[in-house]
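A short worksheet on the structure shown next.
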Amino acid sequence: MWGINMTLRTSKVAALLLLSVHLLHASALPAASSYGFNAYRMQQYNLHQDKHGCRGAIVVAEARSAADTVLTRRCVIMKLPDFTTERYLEAKNQNAAALLILLPQNLSSVPEDIVQGFMVAESQVLQKETLMPVYVVPEDDQLLCMYEEVSQAAATKSASVLVRVLRSIITATAFQILVSNNSPIKPITDTTIITLEGVLPGAGEDPPTIVITAHYDTFGLAPGLAYGADSNGSGVTILLELVRLFHHLYSDPRNQAPYHLLFSLTGGGKYNFLGTKRWLEENMDHAESSLLHDNVAFVICLDSLGTGDELFLHVSRPPRPGTPQYSFIQQLEQIISARFPWVRFGTVHKKINLQETNVAWEHERYGMKHIPGFTLSHIENPKSELRGSILDTIAQVDIRKLKWNAVIVAESLARFMYNLSDKGSAKDMQVFKGSLDIQDSHLSALMSMMTSVPRAAQLLDREPGQLLLISSLEQEFKHYLKQVHRHTFHLDRRDPEITFFDQMSQPMMMYRVKPAAFDLFLGGCIAGYLGMVYYAIQNFGNIYTKLKTTMKAKHQ
């Protein structure tokens, strides 16, 4: 009797358990069992003899949260707040198979302290090389679902042993991350750097030249996501606005100042200002005639001017009184004090160290050629992480502050070139007004153009969108400037100063699977159920006799 009841109860429990497992299994799986997306690989380049970035690309690993205690041979999934130097090093020290960073679609909603923390970690990570593949991908619903589930799985490890075992066996879902490209990573052997140059001729015979320059390329953890709004889309935007303003002045011969204005947009700025170096070599060492050969008043380098209430003038050598550079800086200070008193202005002096391989600012390239110059930027420290981050998007740029800086540079330059101080003009007099007023809408349009595609140096000469941007910048020059030239420099393949590598973006797959423990548990349940059925069939006579005797006893 007892055996029959136990058999029936066990059969019911096994059936319910199998049904529950089936329902749990079905509820855990989405409509699609796999999901494909494009992931952007971390920087990989050699600058001189130093190696930077990640050397790996292939990923075949189970996804795990950064909070998990065991990361060995796992793909660690991180959101923006999770990515710190400490957690990166922990994953690296545990020999994690890969790192996948989820980037928010809307960075304007991310707290400033998280943005700053990520930028610091990003800068530190890029200083060294690693074999661990590191990928960045914009968030979407599927990836966020995966992140939440692996985070919950890590959180249950603080629960009781029984809860952990039941969850891992019955409800847990594992995610397999796969990048299966078997092609080896190769150096890019045909990299070119493009520099654009245009001139507004000045009045008089052989007038001095003022050079206004900005580098247009970007830098960040992943080249395919480096849009560089502030660094240095803002510098390029102000330069293009200066081109427009002074073109309108110079279009009337009576308004031509006794200065040539030479504008240049240089590539390779994020890699030791290599484009500027090559352009100077071509103009000064190889060209028979160049505006850089003789009388250069000074060079203005525009770098990161899209935010901040500070404006720093970086110089390699303090200008002497009586020099054109000194006079311009005086005009700069007067404009700021008269019209923008809330802007904190300061001069940062840093000597050029010829023993150092890398230069800090673009004007140092000119200084090495004995051409006086300086850099204007809201950034005080040249090693600031703000100068190279995938979080440097248009959301980080304040158009009002961008306009302040544009007005400061334009008005100071006009006052210097037309000698307005000696003519008794008021310090707060506005030169550019009316049709020449600097409009927020025009600055916004230029910033949108500059941030329409990533501008990493290794992408600019091979991707259609980037090539179109270069052509748009060239057309902008040709619309306003005379003597526009495009200079294309090929990196030396035998002894390159910089070497880039391919496979900067990869198709990545995410597979949702049950862990092996679930298969073992399910197999055990099925085996137990079949065992009970087999036992019932083999002992059917005994069971039937006992059941018949029990029924008769009940009727009596």
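Here the structure is a predicted model, which is why all the values come from computation and not from measurement. We're numbering straight along the sequence, starting at 1.
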Query raised in the report: Is M449 close to L469 at the side-chain level, that is, under 4.5 Å between some pair of heavy atoms?
Result: yes
Query raised in the report: Are the side chains of S377 and F312 in touch, meaning some heavy atoms are under 4.5 Å apart?
Result: no
Report summary line: Tightest non-hydrogen contact, residues G275 and F489, listed as O-CE1, 4.1 Å
Query raised in the report: Is the backbone N or O of H215 less than 3.5 Å from a side-chain atom of N232, with the two atoms forming a donor-acceptor pair by type?
Result: yes
Query raised in the report: Under a 4.5 Å cut-off applied to non-hydrogen side-chain atoms, are P133 and R41 in contact?
Result: no
Query raised in the report: With no hydrogens and no angle check, is any side-chain donor or acceptor of D217 less than 3.5 Å from a backbone partner on G267?
Result: no
Report task. Mind checking the CG-CD1 spacing from L274 to I193? Nearest 0.5 Å is all I need. Result -> 4.0 Å
Query - Heavy-atom side-chain proximity of M509 to S180 below 4.5 angstrom - result: no
Query raised in the report: So do the side chains of M146 and R512 get within less than 4.5 Å of each other, counting heavy atoms only?
Result: no
**Report entry** M447 side, atom CE; L240 side, atom CG - distance, nearest 0.5 Å
**Finding:** 11.0 Å
Query raised in the report: Is it true that the side chains of Q43 and Q458 contain a donor and an acceptor less than 3.5 Å apart?
Result: yes
**Report entry** Stacked cation flag R55 on F501, 6.0 angstrom / 45 deg
**Finding:** yes
Requested in this report: Give a yes or no on whether the ring-centroid distance for Y135 and F37 is below 6.0 angstrom.
Outcome: no
**Report entry** Derivation of the side chain to side chain contact (heavy atoms under 4.5 Å, CB included) call for I379 and E310
**Finding:** CA-CA 8 Å; I379 296 174; E310 303 85 15; over 6 Å; no
**Report entry** Polar side chain donor-acceptor pair, T266 to E362, under 3.5 angstrom
**Finding:** yes
**Report entry** Plane angle bin for W279 and H487 - parallel if under 30°, tilted between 30 and 60°, otherwise perpendicular
**Finding:** perpendicular
Query raised in the report: Any idea which heavy atoms bring S264 and Y366 closest together, and the distance?
Result: OG-OH, 4.1 Å
Query - Flag, side chain of Q503 to backbone of P184, donor-acceptor distance under 3.5 Å - result: yes
Query - Sub-4.5 Å side-chain heavy-atom contact between F118 and L107 - result: no
Query - Side-chain donor/acceptor of D398 to backbone N/O of T307, under 3.5 Å - result: no
Requested in this report: Flag yes if more than 12 heavy atoms outside K128 fall under 6.0 Å of its NZ atom; otherwise flag no.
Outcome: no
Requested in this report: Compare all side-chain heavy atoms of R278 with those of T195 and state whether any distance is below 4.5 angstrom.
Outcome: no
Query raised in the report: Closest heavy-atom contact between V76 and A91?
Result: CG2-CB, 4.1 Å
**Report entry** Sole candidate of T276, T375, T213 that passes side chain to side chain donor-acceptor pair (under 3.5 Å) when paired with H363
**Finding:** T375
**Report entry** Closest approach of K92 to E129 (non-hydrogen atoms, all atoms of both residues)
**Finding:** NZ-O, 3.4 Å
Query raised in the report: Looking only at atom types and distance, does a side-chain atom of D230 sit under 3.5 Å from a main-chain N or O of D392, one as donor and one as acceptor?
Result: no
Query raised in the report: Would you call the rings of Y45 and H52 parallel, tilted or perpendicular if under 30° counts as parallel and over 60° as perpendicular?
Result: parallel
Query raised in the report: Q466 side chain to P454 main-chain N or O, any donor-acceptor pair under 3.5 Å?
Result: yes
Requested in this report: Work out which heavy atom in T237 is nearest to a heavy atom in L402; give both atom names and the distance.
Outcome: CG2-CD2, 4.1 Å
Query raised in the report: Short question: side chain of R74, backbone of T72 - any donor-acceptor pair under 3.5 Å?
Result: yes
Query - No-hydrogen, no-angle side-chain donor-acceptor test under 3.5 Å, H314 and D303 - result: no
Query raised in the report: Can any side-chain N or O of E122 pair as donor or acceptor with the backbone N or O of L221 at less than 3.5 Å?
Result: yes
Query - Derivation of the side chain to side chain contact (heavy atoms under 4.5 Å, CB included) call for D82 and T84 - result: CA-CA 6 Å; D82 304 328; T84 63; over 6 Å; no
Report task. Start with the C-alpha gap between R486 and I470, add the side-chain angles, then the distance that decides, and say whether side chain to side chain contact (heavy atoms under 4.5 Å, CB included) holds. Result -> CA-CA 10 Å; R486 175 193 283 220; I470 296 295; 3.6 Å; yes
**Report entry** Cationic N near anionic O, under 4.0 Å, K401 to D309
**Finding:** yes
**Report entry** Pair E90-Q94, side-chain donor/acceptor within less than 3.5 Å
**Finding:** yes
Query - Backbone of R387 reached by a side-chain donor or acceptor of S231 within 3.5 Å - result: yes
Report summary line: Value for CE (M119) from CD1 (I390), rounded to nearest 0.5 Å, stands at 9.5 Å
Query raised in the report: Measuring from Q116:CD to L391:CG, what's the distance to the nearest 0.5 Å?
Result: 9.0 Å
Query raised in the report: Is any side-chain heavy atom of M450 closer than 4.5 Å to a side-chain heavy atom of I394?
Result: no
Query raised in the report: At their closest point, which heavy atom of S505 faces which heavy atom of N38, and how far apart are they?
Result: CB-ND2, 3.9 Å
Query raised in the report: Using a distance-only test with no angle check, is there a side-chain donor-acceptor pair under 3.5 angstrom linking S123 and K383?
Result: no
Report summary line: d(D440 CG, K403 NZ) to nearest 0.5 Å is 4.5 Å
Query raised in the report: side chain to side chain contact (heavy atoms under 4.5 Å, CB included) between Y88 and M132: does it pass, once the steps are laid out?
Result: CA-CA 10 Å; Y88 168 81; M132 178 178 65; 3.7 Å; yes
**Report entry** Enclosure of D141 CG (heavy-atom neighbours >12, cutoff 6.0 Å)
**Finding:** no
Report task. Measure the CG-OG1 distance between L460 and T218 for me, rounded to the nearest 0.5 Å. Result -> 7.0 Å
